[in-house]
Amino acid sequence: MKAPKNYQPAEIEGKWYDYWESKGFFHSEPDGRTPYTIVIPPPNVTGILHMGHILNNTLQDVLTRRARMSGLNACWVPGTDHASISTEAKVVAMLREKGISKSDLTRDRFMEYAWEWREKYGGIILKQLRTLGASCDWQRTKFTMDADMSESVIKVFVDLHGKGLIYRGVRMVNWDPAARTALSDEEVIHRETQGKLYYLRYMIEGGDGYVVVATTRPETILGDVAVCVNPADGRYAALRGKRVTVPLVNRSVPVIEDDYVEVEFGTGALKITPAHDVNDYVLGERFSLETIDIFNDDGTMNDRVGMYVGQDRFAVREQIAKDLEAAGLMERVEDYTNKVGYSERTGVAIEPKLSMQWFLKMESLAKPALEAVMDDTVRFVPAKYKNTYNHWMSGIRDWCISRQLWWGQRIPAYFLPATAGGGYVVAETPDEALKLAREKSGDAALALADLRQDEDVLDTWFSSWLWPVSVFDGIRNPDNADIKYYYPTNDLVTAPDIIFFWVARMIMSGLEYRGGRPFGAVYFNGTVRDKFGRKMSKSLGNSPDPLDLIARYGADGVRLGMMLSTSAGNDIMFDEAMCEQGRNFGNKIWNAWKLVESWRDGAVAGAQPESARLAGEWFEAALSKALAQIDADFAEYRISDALMTTYKLFWDDFSGWYLEIVKPAYGAAIDPATLARAIDFFERLLQMLHPFIPFVTEELWHCTRERSADDCVTVSSMPTAAEQRPEPLARFDLMREAVTAIRAIRRTRNIPMRDAIDLKVAADENYPAELAPVLSKMAGLASIEPVSAKAPDWDAFIVKTTQYFVPVGAAFDRDAELEKLRGELKYQQGFLATVMKKLSNERFVASAPPAVVAAEQTKRADAEARIAALEQRMGSI
RNA sequence: GGGUGCUUAGCUCAGUUGGUUCAGAGCAUUACCUUGACAGGGUAGGGGUCACUGGUUCGAAUCCAGUAGCACCCACCA
């Protein structure tokens with residue numbers, strides 16, 4: 001196959017993905033090879049691709065493709081998450097547009113709508129990942145609400161309940177009034193919020209005067225049951241044992257004393273609303289106070305107190321402030337900034353609410369999971385996240401796992417009728433539940449219809465925490481071939497913001513259900529920000545559409561752009577220029593091939609020039625060095641470094657030097673040996689590049705020679721590093737320096753490359769004589785002749801310790817040359833002085849390692865040689 | 001309020017246990033080049049008091065302390 005004339009990413013990318021997939025290259029089954037497994041962080045089933053996905057999935061694809069080419073059995077399991085709150089919210093919104101209210105529907109009917117919605121809009125993101133080139137094993141695609149996945153979740157719930165780790169109870173939880181469900185602590189985001197501090201007067205009973213209480217939430221006075229002061233606060237000593245009247249509500253409440261109250265803050269007097277504040281709840285329990293819940297589930301006022309009924313909490317706040325003012329009970333109002341909790345999903349302010357929920361005890365699960373990370377059984381990259389993890393795991397609290405939603409796995413708890421003694425049973429199936437219920441109640445006549453299943457579903461994370469196990473069916477069938485082969489997975493690539501939601505809990509469940517870590521390493525990728533460092537968001541409109549970027553720069557270009565500037569744990573400042581750089585690199589690869597291809601078409605039999613042979617030896621060593629470096633980079637998850645090494649190898653060493661050296665003169669043909677070697681190098685480079693830039697490398701792979709249908713770079717074997725040979729590389733670098741210096745002379749003397757020039761060399765051990773043919777070709781030399789260091793009026797330069805001269809005839813400027821030499825001499829003398837200072841320092845010689853002292857002595861010898869050469873030259877011109 | 005991390009060239013970042021010319025890379029930038037793969041390119045350059053202050057050391061971008069700024073995480077001061 002011959003490459004089209006120009007590099008047009010859009011023209012080549014589409015076909016290759018379909019081809020790879022049709023060949024089944026991405027599908028994995030257990031076999032004799034070592035597995036390499038990644039499970040995708042499942043995106044929301046109704047989500048669409050954003051820049052964060054591009055970063056996250058490109059990283060996974062690079063790792064997966066590299067593993068696949070390295071002889072491992074690579075398996076990247078894709079899938080989606082049912083995301084119960086946000087998906088249910090979307091379905092509710094969709095129904096509302098149709099004029100249907102969720103409350104008008106039965107649970108079953110709602111679920112039908114939700115599944116329909118998922119069928120229609122779910123999984124778009126998985127198609128988009130194909131566009132990016134993600135080499136997932138699509139035959140293994142999972143959804144957290146697939147029947148088998150849900151079964152696993154239920155099985156785990158039942159198991160943990162049986163172990164006594166799951167309990168049900170009334171607790172103060174984070175209530176989301178928009179989604180009308182409880183949330184876990186992790187789903188609450190605390191943000192500084194500009195508010196007001198209201199100072200309210202509570203009249204003292206049986207006397208005159210009042211006590212002033214400061215609050216940010218005056219609407220909650222409807223639920224006040226006490227006023228609390230610090231017993232050590234002398235100002236309020238007279239209040240001891242008194243009662244006060246809640247403003248407007250006119251409820252008589254006691255004054256209680258507790259040192260929880262800060263004397264310094266506000267007025268030192270605190271109103272107590274046990275139903276709507278976590279701390280107040282604690283105090284309420286301590287003092288056996290009543291709890292008065294004043295809100296409906298949606299954040300409006302209920303009829304418990306009979307005031308402001310049905311009005312929203314924030315409207316009530318404004319109204320009640322006015323009413324208090326009118327009643328003369330408002331002392332003053334101050335601007336005040338405090339932290340308020342918001343729902344991670346709906347964005348509304350969280351309402352602390354007392355309610356009956358299911359909880360998972362975390363302590364015993366967390367302990368081994370903490371150890372696994374601290375001792376690097378699970379390696380965190382970068383390691384700094386171990387601190388974060390440690391901190392959270394050490395102070396972990398129980399996990400509220402119930403949600404008042406329908407979209408999700410329904411909690412498998414079945415309540416017995418009061419007539420059968422009440423209580424509940426937990427079971428994987430209704431039949432099992434009935435059996436247990438009959439045993440529990442002793443009532444053999446109990447029917448399924450008598451049991452009432454819990455209405456709540458489980459937190460989405462209660463299914464995704466099983467992901468690395470459940471995608472291989474390791475919960476239901478713990479001994480199946482897949483789980484035994486693929487588990488534990490190798491790398492997890494994810495964002496640090498879900499370290500607690502997901503990563504920590506997967507480690508817990510993996511240890512609990514597989515007895516071992518779920519993955520060997522966790523690579524945390526940073527947040528994608530715009531070039532000003534701002535988070536990408538819809539409201540700012542600063543997030544580019546990834547598909548649009550791919551259309552303009554190619555998936556290859558976008559991937560490269562991302563990988564060029566990402567290091568683990570660091571945010572990525574995205575700039576479209578990065579994609580441009582990526583596309584330009586694709587173009588470079590393309591055109592390099594076009595050059596080689598043009599030689600192939602005109603090759604004729606002939607002997608290999610010495611310069612080409614030497615270049616081949618050198619590039620072989622350079623390639624091997626790069627391979628070793630790349631291996632080291634990947635071992636440390638330094639993906640961008642690995643890419644940069646490959647990038648420079650291709651652009652600078654291969655294109656800039658190797659191809660230029662072996663390039664035949666204009667109109668001349670190439671010899672077969674050189675051509676074969678050039679193609680061989682090019683193919684190996686394609687393989688090294690492929691994990692990063694899969695499409696163009698596959699296209700060109702099929703250009704370098706005739707290939708069978710299955711012969712794709714995607715499934716080829718990655719080249720491996722040969723024994724390292726630093727010597728030839730160092731010699732080549734000396735030669736390159738000479739070439740650069742000669743080019744500089746050409747530039748200053750205005751000598752074009754087509755005019756061959758003569759080079760004189762005062763050869764010493766640092767002169768790479770064996771590379772003379774290469775030097776000659778790259779510098780455009782007519783001849784290279786030995787010369788004594790005593791040089792006449794020629795331009796000169798020194799490489800390491802070797803003196804080179806270029807006769808430039810009348811163009812030689814003696815004064816300018818002397819000036820240059822004086823400058824150079826001064827620099828060298830200064831350098832020598834610093835070296836001598838060290839060497840003459842007895843303490844340095846005594847305490848520095850011998851190798852360092854020896855190095856300084858070498859520096860001294862080299863500097864002295866250069867100075868001698870410079871002085872000699874200054875004397876001779 | 002507590003914790004963690006960061007601050008190196010215009011931008012994005014490397015710099016592993018202090019010591020080879022350690023002050024680097026890519027991009028951007030400057031000059032020149034309409035040369036025969038590629039102007040999405042080539043060649044040759046310029047550019048930094050390593051945030052600040054003190055300390056340890058023969059020697060500090062690197063270790064220690066403090067200061068300033070930034071980021072993130074955790075936390076029940078109404």
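In what follows, every chain begins at residue 1, and chains take the letters A, B, ... in the order their sequences are listed.
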Inset, instruction - Scan residues 186-198 of chain A for pairs that pass salt bridge (charged side-chain N to carboxylate O under 4.0 Å, His left out), counting only residues two or more places apart or in two chains. - result: A/Glu186-A/Arg505, A/Glu187-A/Arg403, A/Lys196-A/Asp335

Inset, instruction - Describe the nucleic acid contact of A/Arg583 in one word from base, sugar-phosphate, nothing, applying a heavy-atom distance below 4.0 Å. - result: base

Legend entry - A/Met578 or A/Lys648, whichever maps to the more 5' nucleotide of RNA chain B: A/Met578

Pairwise N/O distances under 3.5 Å, protein to nucleotides 29-35 of chain B:
{"unit_1": "B/rC32", "atom_1": "O2", "unit_2": "A/Arg747", "atom_2": "NH2", "d": "3.4"}

Inset, instruction - Please state the C1' separation for the pair B/rG42 and B/rC38 - nearest whole angstrom. - result: 10 Å

Legend entry - Pairwise P distance, B/rC52 and B/rG10 [rounded to whole Å]: 14 Å

Inset, instruction - For residues 255-283 of chain A, pull every pair meeting salt bridge (charged side-chain N to carboxylate O under 4.0 Å, His left out), keeping only residues two or more places apart or in separate chains. - result: A/Asp224-A/Lys271, A/Arg240-A/Glu257, A/Asp258-A/Arg286

Inset, instruction - May I ask you to verify if any side-chain N or O of A/Tyr647 is less than 4.0 angstrom from the OP1 or OP2 atom of B/rC27? - result: yes

Inset, instruction - Start with the C-alpha distance between A/Glu660 and A/Lys663, add both sets of side-chain angles, then the distance that settles salt bridge (Lys or Arg N to Asp or Glu O under 4.0 Å), and finish with yes or no. - result: CA-CA 5 Å; A/Glu660 291 299 332; A/Lys663 184 188 274 183; 3.3 Å; yes

Legend entry - Phosphate-side-chain proximity, A/Asn279 and B/rC77, N/O vs OP1/OP2 below 4.0 Å: no

Inset, instruction - Please report the closest heavy-atom contact between A/Ala669 and A/Pro664, naming both atoms and the distance. - result: O-CB, 3.8 Å

Contacts under 3.5 Å, N or O only, protein and nucleotides 1-11 of chain B:
{"unit_1": "B/rU4", "atom_1": "O3'", "unit_2": "A/Asn387", "atom_2": "ND2", "d": "3.3"}

Inset, instruction - Scan A/Arg746 against the nucleic acid and name what it touches under 4.0 Å (heavy atoms): base, sugar-phosphate only, or nothing. - result: nothing

Legend entry - All side-chain hydrogen bond (donor to acceptor under 3.5 Å, both in side chains) counterparts of A/Asn584, not counting sequence neighbours: none

Inset, instruction - Could you check A/Val263 against A/Ser640 and say which one's nearest nucleotide on RNA chain B is further toward the 5' end? - result: A/Ser640

Inset, instruction - For nucleotides B/rA78 and B/rG15, find the distance between their P atoms and express it as a whole number of Å. - result: 41 Å

Inset, instruction - Describe the nucleic acid contact of A/Tyr385 in one word from base, sugar-phosphate, nothing, applying a heavy-atom distance below 4.0 Å. - result: nothing

Inset, instruction - Counting heavy atoms from C-beta on, name the nucleotide in B/rA14, B/rA44, B/rA71 closest to the side chain of A/Arg638. - result: B/rA14

Inset, instruction - Answer with yes or no whether A/Gln581 presents, from its side chain, a donor or acceptor under 3.5 Å of a partner atom in the base of B/rA28. - result: no

Inset, instruction - Assign A/Val261 to base, sugar-phosphate, or nothing according to its heavy-atom contacts below 4.0 angstrom with the strands shown. - result: base

Inset, instruction - Determine whether more than 12 heavy atoms belonging to other residues, nucleotides or ligands lie under 6.0 Å from atom NZ of A/Lys777. - result: yes

Legend entry - Between B/rU49 and B/rU12 - C1' atom distance, rounded Å: 22 Å

Inset, instruction - Name all residues meeting the side-chain hydrogen bond (donor to acceptor under 3.5 Å, both in side chains) criterion together with A/Ser394; count only those two or more places apart in sequence or in a different chain, and write none if there are none. - result: A/Asn390

Legend entry - salt bridge (charged side-chain N to carboxylate O under 4.0 Å, His left out): pairs with one or both residues in residues 565-586 of chain A, sequence neighbours excluded: A/Arg529-A/Asp571, A/Arg552-A/Glu576

Inset, instruction - For B/rA25 versus B/rA44, give the span between their P atoms, rounded off to a whole number of Å. - result: 14 Å

Legend entry - Integer angstrom distance from the C1' of B/rU8 to that of B/rA23: 9 Å

Legend entry - Set of residues satisfying side-chain hydrogen bond (donor to acceptor under 3.5 Å, both in side chains) with respect to A/Gln829, sequence neighbours excluded: none

Legend entry - Near-strand residues of residues 211-224 of chain A, defined as heavy-atom separation under 4.0 angstrom from RNA chain B: A/Ala214, A/Thr215, A/Thr216

Inset, instruction - Using a 4.0 Å heavy-atom cut-off across all strands, classify A/Gln857 as base, sugar-phosphate, or nothing. - result: nothing

Inset, instruction - Looking only at side-chain atoms of A/Tyr666, point me to the closest of B/rA78, B/rG36, B/rG40. - result: B/rG36

Legend entry - Listed nucleotide nearest any side-chain atom of A/Arg397, set B/rU12, B/rA78, B/rA75: B/rA75

Inset, instruction - Would you please classify the geometry between the A/Phe650 ring and the A/Phe585 ring as parallel, tilted or perpendicular, with 30° and 60° separating the classes? - result: perpendicular

Legend entry - For A/Thr215, all residues meeting side-chain hydrogen bond (donor to acceptor under 3.5 Å, both in side chains), sequence neighbours excluded: none

Legend entry - Lys/Arg-Asp/Glu bridge criterion (N-O < 4.0 Å) met for A/Arg860, A/Glu856: no

Legend entry - Taking every non-hydrogen atom, the tightest pair across A/Ile294 and A/Glu219: CD1-O, 3.5 Å

Legend entry - Base B/rC38 paired with A/Lys588 side chain (donor-acceptor, <3.5 Å): yes

Inset, instruction - Could you give the distance separating B/rG40 and B/rG3 at their C1' atoms, to the nearest angstrom? - result: 47 Å

Inset, instruction - Give the intermediate values and the outcome of side-chain contact (heavy atoms from CB on, under 4.5 Å) for residues A/Tyr260 and A/Val282. - result: CA-CA 10 Å; A/Tyr260 161 73; A/Val282 173; over 6 Å; no

Inset, instruction - Give A/Ala577 one of three labels, base, sugar-phosphate or nothing, depending on what nucleic acid heavy atoms sit under 4.0 Å from its own. - result: nothing

Inset, instruction - Between B/rA14 and B/rG48, how far apart are the C1' atoms? Round to whole Å, please. - result: 15 Å

Legend entry - Nearest heavy-atom neighbours spanning A/Leu689 and A/Thr646: CD2-CG2, 3.5 Å

Legend entry - Closest to side chain of A/Asp641, choosing from B/rA75, B/rA25, B/rA14: B/rA14

Inset, instruction - Any chance you could encode RNA chain B as dot-bracket? Rule is Watson-Crick or G-U wobble with both distances under 3.5 Å; [ ] for pairs crossing earlier ones, | for another strand. - result: (((((((..((((.....[....)))).(((((.......))))).....(((((..]....))))))))))))....

Legend entry - Phosphate contact (B/rG36 OP1 or OP2) by A/Trp599 side-chain N/O below 4.0 Å: no

Identify all side-chain donor-acceptor contacts of residues 737-751 of chain A below 3.5 Å with residues at least two apart in sequence or on another chain.
{"unit_1": "A/Thr740", "atom_1": "OG1", "unit_2": "A/Arg736", "atom_2": "O", "d": "3.1"}
{"unit_1": "A/Arg746", "atom_1": "NE", "unit_2": "A/Ala779", "atom_2": "O", "d": "3.2"}
{"unit_1": "A/Arg746", "atom_1": "NH1", "unit_2": "A/Ile751", "atom_2": "O", "d": "3.4"}
{"unit_1": "A/Arg746", "atom_1": "NH1", "unit_2": "A/Pro752", "atom_2": "O", "d": "2.6"}
{"unit_1": "A/Arg746", "atom_1": "NH1", "unit_2": "A/Asp755", "atom_2": "O", "d": "3.1"}
{"unit_1": "A/Arg746", "atom_1": "NH2", "unit_2": "A/Asp755", "atom_2": "O", "d": "3.1"}
{"unit_1": "A/Arg746", "atom_1": "NH2", "unit_2": "A/Ala779", "atom_2": "O", "d": "3.0"}
{"unit_1": "A/Arg746", "atom_1": "NH2", "unit_2": "A/Gly780", "atom_2": "O", "d": "2.7"}
{"unit_1": "A/Thr748", "atom_1": "OG1", "unit_2": "A/Ala744", "atom_2": "O", "d": "3.3"}
{"unit_1": "A/Thr748", "atom_1": "OG1", "unit_2": "A/Ile745", "atom_2": "O", "d": "3.0"}
{"unit_1": "A/Arg749", "atom_1": "NE", "unit_2": "A/Asp795", "atom_2": "OD2", "d": "2.8"}
{"unit_1": "A/Arg749", "atom_1": "NH1", "unit_2": "A/Ala811", "atom_2": "O", "d": "3.3"}
{"unit_1": "A/Arg749", "atom_1": "NH2", "unit_2": "A/Asp795", "atom_2": "OD1", "d": "3.0"}
{"unit_1": "A/Arg749", "atom_1": "NH2", "unit_2": "A/Asp795", "atom_2": "OD2", "d": "3.3"}

Inset, instruction - Look at A/Asn570 and B/rA71 and indicate whether a side-chain polar atom (N or O) is within less than 4.0 Å of OP1 or OP2. - result: no

Inset, instruction - Counting heavy atoms from C-beta on, name the nucleotide in B/rA37, B/rA75, B/rC77 closest to the side chain of A/Phe265. - result: B/rC77

